[in-house]
Each structure stands twice: as structure tokens, then as C-alpha cells.
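Taking it in order: structure first as C-alpha cells, then the write-up.
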Amino acid sequence: MAEINFAEIEKKWQDAWEKEKVFEVSEKSEKEKYYVMEMFPYPSGEGLHMGHAFNYVIGDVYARYKIFKGFNVLHPMGYDALGLPAENAAIEAGVHPESYTNKAIKNYIEQQKMLGLSYDWNRMINSADSSYYKWDQWIFLKMLEKGLAYRKKAPVNWCRKCNTVLANEQVHNGKCWRHEDVEVEVKHLEQWFLKITDYVDELLDKIDDLDWPERTKTMQKHWIGKSYGTEIEFEINSEKWSVFTTRPDTIYGVTFMVVSAQHERLMELVTEEKKEEVKKFLKKLKSVSEKELEEMEKEGVFTGSYAVNPLTNEKVPVYAGNFVLAEYGSGMVMAVPAHDQRDFEFAKKYNIPIKIVIQPMEYEITSEKMARAFTGEGKLVNSEKFDGWDNKEAIDEITKFLKEKNLGRSSVQFKLRDWLISRQRYWGTPIPVIYCNECGIVPVPENELPVELPKNVKFGKGNPLETNEEFVKVRCPMCGSNDARRETDTMDTFVNSSWYFLRYCDPKNSSAIFDKKKVKYWMPIDTYIGGKEHATMHLIYFRFYTKFLRDLGLLDFGEPAKKLFHQGMLHGEGGIKMSKSKGNVVNPDKVSKKYGIDTARLFLLSLASPDRDRDWSEKGIQGTSKFIKRVWEFFEKYSKADMVSNPPPFPSPTHPDGGMNSETASNSQNKWFAHQFGNSSKRLESKLNKAIKEISENIEDFRYNLAVIKVRQLFFTIEEEKEISKKDLESFVKIFSVFCPHLAEEFWERIGNERFDERGEKRELKGESGREQKFVCLSSWPFADESKIDEELERVEKIMEKTIEDVNHIIGMIEKEVSKVYIYVVPGEIENFDVGVLSDRFGKQVEIFANNDKGKYDPEAKARKAKPGKPGIYLE
RNA sequence: GCGGGAAUGCCGGAGUGGUCAAACGGGCUUGGUUUAGGUCCAAGUAGCUUAGUGCUUACGAAGGUUCGAAUCCUUCUUCCCGCACCA
């Protein structure tokens with residue numbers, strides 16, 4: 001068998017697709033649009049690995065399928081090019097983020113092209129390009145204008161040696177990533193926020209309408225975290241502090257308060273003599289990361305201040321605690337140790353009194369004997385005028401009472417907080433704002449956008465942007481004073497990914513963020529594919545941005561993506577996470593060289609349902625490789641018989657330029673192949689149409705693994721058949737092409753759909769119809785003719801298989817040598833059994849009788865066992 | 001800690017209230033083809049039992065709902081994802 005020259009075939013078709021602009025689309029089409037996209041990647045210096053490839057192939061199969069089904073398919077790709085790793089590379093290796101990123105992008109594009117993906121490369125986006133981030137800045141200005149961008153103090157991780165803010169990822173065990181001896185400090189800085197909370201109700205309510213995985217929708221709901229409760233005013237040092245609680249019924253049981261250790265105004269509460277102690281406690285905070293805080297032991301320290309309970313006028317101590325979120329509610333909680341487990345543990349630890357205010361119905365609890373908080377229902381006690389109330393009813397009643405006294409009010413709280421977008425870093429979108437001593441915060445005028453990142457900056461100490469004086473020192477656009485200072489914070493890179501899907505619709509527009517008409521045509525995204533790790537952040541941010549842009553009047557819809565699909569993670573061999581440090585990164589280039597990229601594609605998709613995690617396996621791909629070779633050989637055999645007498649009139653992969661001469665070409669190409677094609681049997685037609693129907697459904701539902709199985713089975717059926725019609729073999733090639741596009745194009749060409757007209761002349765391709773014939777990927781999806789599906793045939797085939805299995809079973813069981821097989825069938829079924837087929841399968845002589853045949857040979861009366869669908873068997 | 005998932009033969013996985021648990025692939029065993037190896041072909045691959053049958057065991061563990069559970073509920077174990085400055 002000839003080796004398959006994958007590299008040559010892949011290159012040939014990738015070039016052809018590109019040259020003929022096969023996947024370039026425009027909104028000027030009669031066809032119905034379909035927008036499918038995968039989340040754009042951060043172009044890391046480590047390059048593309050198989051996990052990425054898997055993600056893109058999932059989208060590619062879907063896009064190709066939709067093209068087949070007659071849609072005008074937008075399938076774009078871009079690069080989320082701004083981000084921390086490029087900056088880390090600058091600090092550690094002295095590479096400028098721009099060159100690092102450009103190199104990485106170049107590498108990504110090259111690798112992605114090798115995967116044979118159906119992207120419209122014309123629409124490629126690079127978020128690090130100022131022509132893109134200009135519009136990030138533009139959106140920011142619009143938000144500022146609408147009051148959705150504002151400044152507020154917020155905690156950050158600070159390393160005093162780097163003299164800069166650290167990302168959570170740059171904090172290792174509370175120490176700086178570059179200075180193992182430096183404990184990270186928590187500092188408060190003025191930062192920019194986007195008021196996503198203005199959209200909180202819509203973000204929550206519209207989740208139900210989305211065709212997204214339920215688990216993701218649930219996660220978003222919990223993340224937004226709407227809860228109803230009561231805001232209660234406590235007085236501390238003659239100042240009002242309101243706290244949010246869902247349990248106002250326990251207000252008489254408050255024995256202390258806890259303010260978040262990261263609260264902006266914490267120090268206002270700390271008395272002079274407690275300052276040292278509190279500062280010492282704050283030093284223990286390892287980073288601002290909530291995950292780390294939650295994993296720390298719950299601890300606190302007394303601030304020296306007391307809060308006055310508005311209903312009892314009791315004074316209770318105020319603690320600073322590491323387990324209270326600064327951003328939720330007011331950053332302070334009232335603690336009721338008798339009825340909240342966390343408060344209970346805290347009270348036990350610091351010897352704070354426990355006061356029971358709810359007694360259960362069936363038994364009595366006492367504060368001395370309590371082993372844990374009582375969180376169940378019961379009657380209020382020690383609650384003055386509310387004694388005896390059912391605690392559930394008391395919730396409303398006490399809230400009402402507080403409201404009357406002007407000491408509180410019912411309130412709704414969300415876990416979702418405003419989006420902190422300020423980053424004290426270089427490789428991000430500059431925030432287009434100028435600070436003027438006279439005019440204050442001045443937005444950069446729209447016509448001065450983009451505010452470009454200056455190339456000349458120093459890395460390693462402080463915020464790089466501050467090292468470029470030309471950038472920082474500017475004239476105030478308002479008053480003209482030369483004393484103004486440019487904002488040196490850049491934006492969170494999630495900003496860039498919050499609207500890129502809109503830019504794909506009109507990627508080169510330099511006068512507007514996008515053309516409304518183009519966006520109206522393509523949007524919303526019909527199917528969005530990406531990892532589940534984005535369930536709560538990116539996938540909420542992009543919904544927020546869409547709603548904001550709608551309210552600006554640019555869009556007429558509020559949800560960016562109708563359908564969402566999460567692909568599973570690809571792990572390395574043996575289930576180990578793929579990473580450079582573990583040395584188990586599977587590189588698509590290498591796999592491609594060894595097995596062909598189509599083989600890798602098919603293997604990844606056949607492993608498991610695409611939404612499940614899977615492990616790469618060298619042995620596994622070998623199995624797929626075997627199948628691919630077999631398919632190749634089949635199509636090769638189709639032309640081999642003729643090669644003896646007639647060289648093929650098309651360039652074969654082994655003879656790139658060979659085989660072309662006018663004499664052979666003058667043999668009509670159809671005639672040339674005619675004798676190889678014939679009529680498909682009823683059996684083949686049945687199986688083919690069934691396969692088309694089921695494979696279509698499977699692809700539609702992202703059950704690619706099941707589709708692949710059916711493709712394999714269909715191929716085996718075709719292999720078994722003596723002849724096949726050209727149309728039916730074409731159907732197979734079409735289906736095969738969504739998974740293995742390069743090989744399929746090759747087969748398509750070979751079975752005579754390309755380049756030569758009836759006279760053997762090279763066909764001039766004009767317009768779309770020409771392209772459609774030239775490329776299998778632009779032909780149309782085979783129609784599933786359900787009238788040709790013969791279930792009876794399938795049933796009969798099963799009976800045959802079962803009979804064969806039974807015979808083999810018996811042969812394996814009995815001692816004696818078997819030379820003849822006798823089969824006794826009920827009279828109506830006798831035509832289902834084919835002596836020739838059966839003797840072939842057993843390699844033995846076979847005789848078949850009707851069980852009522854008087855002349856039959858049946859020494860052990862096995863004919864009696866014959867039932868419909870289950871013949872009697874005798875062996876000797 | 002909080003929120004969301006997952007667990008099925010030797011392995012990867014199908015199957016989400018009954019018709020069939022293990023489709024399909026891989027591995028392994030036996031036999032055939034082959035100069036040999038690979039390829040390829042055939043049969044087998046929980047246990048007992050039987051001329052093709054029947055029974056038992058079996059879907060992470062333990063309970064529960066149901067006439068009936070891999071599938072629904074509860075608790076637990078292990079693993080994965082996210083937790084707001086990684087993207």
C-alpha cells in the first residue's frame with residue numbers, strides 16, 4: 001500500500017480553499033445566515049496544543065455542517081492578545097510584549113491553518129492592535145458619559161520590591177512571585193469600575209431564555225446571587241453603619257459585629273490602642289483573592305469600637321474578620337452566634353457570649369450546652385415585644401418595625417459586584433482619561449482615540465506606563481493646561497473579549513465600532529463554543545456589554561449568544577493535565593506529520609462526547625489511523641484498476657503533475673469511472689439513508705462521537721458491497737468531509753467532481769456554482785430519504801447475525817469436529833437465509849431446511865426448536 | 001469554605017425510569033493468512049450452567065422513592081471546573 005502523503009494533500013487543499021476564498025463570507029447573500037464561533041484564544045508563547053485544536057475542530061465540524069445545509073456561515077477567528085503573560089515575558093526575558101505577542105499570533109495562525117479550519121481569515125481580529133482597542137476606549141467613554149464608569153477605592157496585592165500591584169496569579173503563598181522574601185501587602189487604590197450592577201436584574205431574568213447548558217445558567221444565577229433581606233442601621237462611634245442580613249428575626253441575638261478586613265473604611269473603626277494589633281492582623285492577609293481568604297482559618301481581631309444595636313441599645317464589640325466580604329452588602333455583618341454556624345465558631349474562638357433568641361418547638365436549647373448553632377425554625381425568645389413570634393413571621397414583622405422607627409428597611413442584595421477594570425499594567429488597553437489639576441477627570445476626546453500604548457517603557461519596577469514621560473505628561477483637552485497627567489492604568493483584558501463577536505461582523509471599520517446593518521444581519525451568535533471555565537466571568541461580561549450597546553442604540557437585541565456549548569478538557573496521556581512543565585503537551589504539528597491532521601481530528605471527536613473531558617492517547621490515535629488508511633485504500637483501489645490501462649487524468653498525490661495528457665483526458669471522465677460505479681443495493685440504500693438521518697441529528701446535537709461511529713459503520717457497509725452508485729459514494733464523501741476535510745476533498749476530486757469537463761478540458765470556474773462543484777465542502781448535504789430505510793432488512797440482518805453467533809457458540813462448546821451446519825427455519829423466513837453467505841462465514845458446508853420439510857436431515861430433532869426469528873441448529 | 005459538575009468491563013466510552021446495561025473503539029486470548037513481524041480475517045473476553053439456554057453478579061459507597069432505578073431523592077467518598085488581577 002502506498003503511504004499517504006498527508007502533508008501534501010493537506011497543503012494542497014488548504015491552499016485551494018484560501019485561493020478560492022471558500023470560507024470568506026459577506027452579508028450580501030440570499031442564504032440564511034448562521035454565526036458559529038469558538039472563543040478566541042490568548043496567543044500564548046507556548047503555542048497551540050491539542051486541547052485548543054479540539055476546541056476549534058468542534059466548531060469547524062459545526063460550521064462545515066451548516067455550510068452544507070445551505071447557510072451563509074460566519075466562522076471567524078481572532079486573538080485576545082493583551083494580557084499578563086506577555087508582560088511577564090517582558091519582565092523575565094526582556095522581550096517586548098508586542099514582539100512576544102506578534103510572534104505568538106503568527107505561530108497560532110500558522111498552526112490553526114494546518115488544522116484545516118473553515119475560518120474567514122479576512123475577518124481576523126487582534127485585540128492588541130490599536131484599531132481594535134480604540135473601540136474599547138470608545139465604549140469606555142460612552143460608559144463614562146452614561147455614568148456607568150466610576151472611580152472608587154479597592155484593595156490590591158502590593159509588592160514593595162516590585163513597587164507594583166500583583167495579580168492574584170503572581171502571589172504564591174502570600175509572597176511575591178519574583179521575591180520569595182517579600183510578603184504581599186494589601187493596599188487600597190483608586191480604581192475604575194464598570195457598573196454592571198445596573199444591569200443585574202436583566203442579567204438574571206434573561207438567563208432562563210438562553211439555550212445554554214443548565215449547569216452554566218445555574219452558575220450564573222448563583223454568581224449574580226439575588227437575595228432578599230433587611231438593611232439595619234447600627235451606630236458605631238456616633239456614625240451610622242448599615243448592615244445587610246437575611247435574618248432580621250435574630251437581631252436580638254447579636255453579640256458582636258464583624259467588618260471585613262479588606263474594608264476601605266476599616267481604620268476609621270480602629271481605636272488608637274488597637275491599631276498595632278489590627279495592623280498585625282492585616283499583614284497576615286496573603287492576597288486579595290477570595291479563594292485564598294476562604295481557605296484561610298477564620299480569624300478576627302477586636303477593633304476597639306462598639307456598635308449599638310438599634311433595638312436593644314446594647315453595645316457589642318466590632319471585630320475585623322478575614323471571612324467577611326468587603327464588597328458584599330456593606331462589608332459588615334451582624335453576628336448571631338446562637339443561630340449561625342460561622343458566627344458560632346467565631347464566638348467560641350474569641351469567648352464572645354452566645355445569646356439564644358429562637359427556641360425550637362420540640363426541645364430546649366441553652367447557650368451553655370450548645371455544640372453548634374441552631375439554624376432551624378422556632379419561636380422567638382429574649383426578643384422583647386417579639387417574644388413568642390414564629391421566627392419566619394418575625395422576619396417581616398421586625399423589618400416593618402425597623403422601618404417605622406427609621407432604623408432599617410427591606411432590601412435586595414446581589415453577590416454580583418461592579419466590575420473592577422483598572423490594571424496597573426502595561427499590556428492592556430489604556431484607559432482614555434486625563435487628570436487635570438484644574439478640571440479634574442477629563443475624558444480623552446473621541447477624535448483623539450486611540451490612546452496608543454507607547455512602545456518605549458521600562459519593565460520590572462512599578463507600572464511601566466509611568467516610565468514614559470511623554471505618555472504621562474499631557475495637555476489638558478479641556479483647559480489647555482500643560483500640567484495634566486494621563487491615566488496610566490489599563491483595562492482588564494476581559495473588556496476586549498466582551499464585544500469582539502460584534503467586530504467580526506465588520507472588522508475593518510475605521511469610522512465606527514461596527515456597521516449597524518452588518519451586525520443586524522449576522523448577530524446574534526447562533527452557536528458559541530468555549531470552555532466551561534468562563535461560565536461566570538466572560539460569559540456574564542459579554543452579556544452586559546451587549547445590553548449596554550443595545551441601550552446606546554447600536555443593537556436591537558440584548559443577548560449575544562443564543563446557544564452555548566462547552567467542550568471538555570483535553571488532558572495528556574494518562575489523564576494528567578497538559579502543561580509545558582509536565583512535558584506532556586501534545587503538539588498538533590507533530591501529530592499531523594505522523595498521522596495526518598484529519599486522523600487527529602477524527603480521533604479527538606471519536607473519543608467521547610465533545611462536552612466531556614478526555615485524555616490524549618497515542619494508542620488511541622493509532623486505531624483511528626488504521627481506519628483512515630482503510631478508507632484511503634478503498635478510494636485508491638477505485639482508481640487502481642484503471643491505472644493499469646489508463647493513467648489517471650488528475651494529478652495524484654504521488655504524482656503531483658503526472659497523468660495529464662490530452663489523449664487520456666479526452667476519454668470522458670465520467671465514462672472513465674463509469675464501470676466502477678453501479679447501482680447501490682437496497683441494503684446499501686437503506687443503511688446510507690439511515691446513516692444520513694442519524695449523523696445529521698448527531699452533529700446538530702454535538703454528539704459527534706456517535707456520528708463518527710455511524711460514519712465508520714457506513715464505510716464498512718460500503719466496503720462490503722459489490723457496487724455503489726456514484727451519487728451514494730459522493731454522499732459518503734460529503735459526510736466524511738466535515739470530519740476529515742482534506743482527505744474528503746481529495747476523494748471528491750478523484751471520483752470525478754473537479755477540474756475537468758466532459759471533453760477533459762480544465763474547467764474554468766466562474767462564480768459560486770463553479771466553486772460548489774469544485775469543493776466537496778461547498779456541495780450540499782445529502783438528503784435522507786426515509787422511504788428507503790428498510791427496518792425489516794435491519795431486523796433480518798440481526799437474525800442472521802444472531803444465528804451465526806449461536807452456531808459459533810455451539811461450535812466452541814462441543815468437543816467434536818464440525819464439518820456441516822444444518823439450519824431449520826420456520827417456513828415464512830426461509831428466504832432470509834442465504835446458504836452462500838453462511839458457508840462463507842463458517843467455512844463449512846451449510847444446509848438450510850424449512851422446519852416442516854418432511855425430507856430434511858435432522859437426526860436429533862433440532863427442527864423442533866425453530867421459532868420465528870430463531871432457527872433450530874444441528875451440527876455434525 | 002462557597003457555587004457548578006463527574007464516577008459504568010482490562011481501558012476510552014454509549015446508555016439518563018421498563019423493551020438490550022456495556023453500542024462503538026482500544027487492549028488482551030485463541031485460530032487462520034503471511035518466509036517472519038506488522039497488516040488483514042474469524043471467534044472469544046464477569047461467574048456458574050446448557051448444543052445456541054438459564055441463573056447469579058455488576059453502573060464510586062450506603063440508604064430511600066417506585067410494580068420497576070446506572071438513570072429520580074438523601075448522605076458520604078474521590079476527582080474536575082470556577083471563586084471576581086490567569087485568560
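Reminder, nothing fancy here: chain letters follow the sequence lines and each chain counts from 1.
- In this structure, of B:C86, B:U53, B:A43, it is B:A43 that holds the atom nearest to the side chain of A:N808.
- When heavy atoms are screened at a 4.0 angstrom cut-off, A:N705 is found touching the sugar-phosphate backbone but no base atom.
- Using modelled atom types, one side-chain atom of A:Y704 and one backbone atom of A:I58 make a donor-acceptor pair closer than 3.5 Å.
- When base pairs are accepted only as Watson-Crick or G-U wobble with both N-N or N-O distances under 3.5 Å, RNA chain B takes part in stems of 3 or more pairs at B:1-7 with B:77-83, B:10-12 with B:24-26, B:27-32 with B:40-45, B:46-48 with B:54-56, B:60-64 with B:72-76.
- Nearest to the side-chain atoms of A:R612 among the listed nucleotides B:A51, B:G13, B:A84 stands B:G13.
- One can find a donor-acceptor pair under 3.5 Å joining the base of B:C85 and the side-chain atoms of A:Q424.
- With hydrogens and angles ignored, a donor-acceptor pair under 3.5 angstrom links the side chain of A:Q191 to the base of B:C85.
- Between B:G15 and B:C72, the distance separating the two P atoms is 13 Å to the nearest Å.
- Computed from coordinates, the A:I540 CD1 to B:G82 C1' distance equals 11 Å when rounded to whole Å.
- B:A87 atom P lies 14 Å from atom CD1 of A:I421, rounded to whole Å.
- Remark: side-chain polar atoms of A:E860 are not paired, donor with acceptor, to backbone N or O of A:K862 under 3.5 angstrom.
- Using a 90° window around 0 for the glycosidic torsion, B:G17 falls outside it and is classed as anti.
- Atom CD of A:E327 and atom C1' of B:A84 are 9 Å apart (whole Å).
- Counting any heavy atom pair closer than 4.0 Å across all strands shown, A:K710 reaches no nucleic acid atom.
- Ring centroids of A:F634 and A:F715 are separated by less than 6.0 Å, placing the two rings close together.
- Smallest separation of non-hydrogen atoms from A:R614 and A:S609: NH2-O, 2.6 Å.
- Look at CZ on A:R712: it is 6 Å from C1' on B:G25, rounded to the nearest Å.
- Across all strands shown, A:S289 has heavy atoms under 4.0 Å from sugar-phosphate atoms exclusively, and none from any base.
- For A:N463 (side chain) and A:T488 (main-chain N/O), a donor-acceptor pair under 3.5 Å exists by modelled atom type.
- Dashed line: the shortest gap from a side-chain N or O of A:T493 to OP1 or OP2 of B:A87 is under 4.0 Å.
- Proximity of the aromatic rings of A:W419 and A:F494 is defined here by a centroid distance below 6.0 angstrom, and this criterion is not met.
- The side chain of A:R630 contributes an N or O atom lying less than 4.0 Å from OP1 or OP2 of B:C41.
- Here B:A6 presents its C1' atom at 9 Å from CG of A:D613, a figure rounded to the nearest Å.
- Here A:R703 reaches the OP1 or OP2 of B:G15: one of its side-chain N or O atoms lies under 4.0 Å away.
- Residue A:K619 places none of its side-chain N or O atoms closer than 4.0 Å to OP1 or OP2 of B:G12.
- Contact between the side-chain N/O atoms of A:T216 and the OP1/OP2 oxygens of B:G4 is not found at any separation under 4.0 Å.
- Rounded to an integer number of Å, the gap from A:K217 NZ to B:G4 P is 16 Å.
- Judged by the 6.0 Å and 45° rule, A:R342 forms no cation-pi pair with A:F323.
- Not one side-chain nitrogen or oxygen of A:R215 sits closer than 4.0 Å to the OP1 or OP2 atom of B:G5.
- Using the six-membered ring where Trp is involved, A:Y328 and A:F244 have ring planes that are perpendicular, over 60° apart on the 30 and 60° scheme.
- The distance from atom CZ of A:R614 to atom P of B:G25 is 18 Å, rounded to the nearest whole Å.
- Nucleic acid contact for A:W223: base, since at least one base atom lies under 4.0 Å from a heavy atom of the residue.
- If you measure from atom NE2 of A:H534 to atom P of B:G4, you get 20 Å, rounded to the nearest angstrom.
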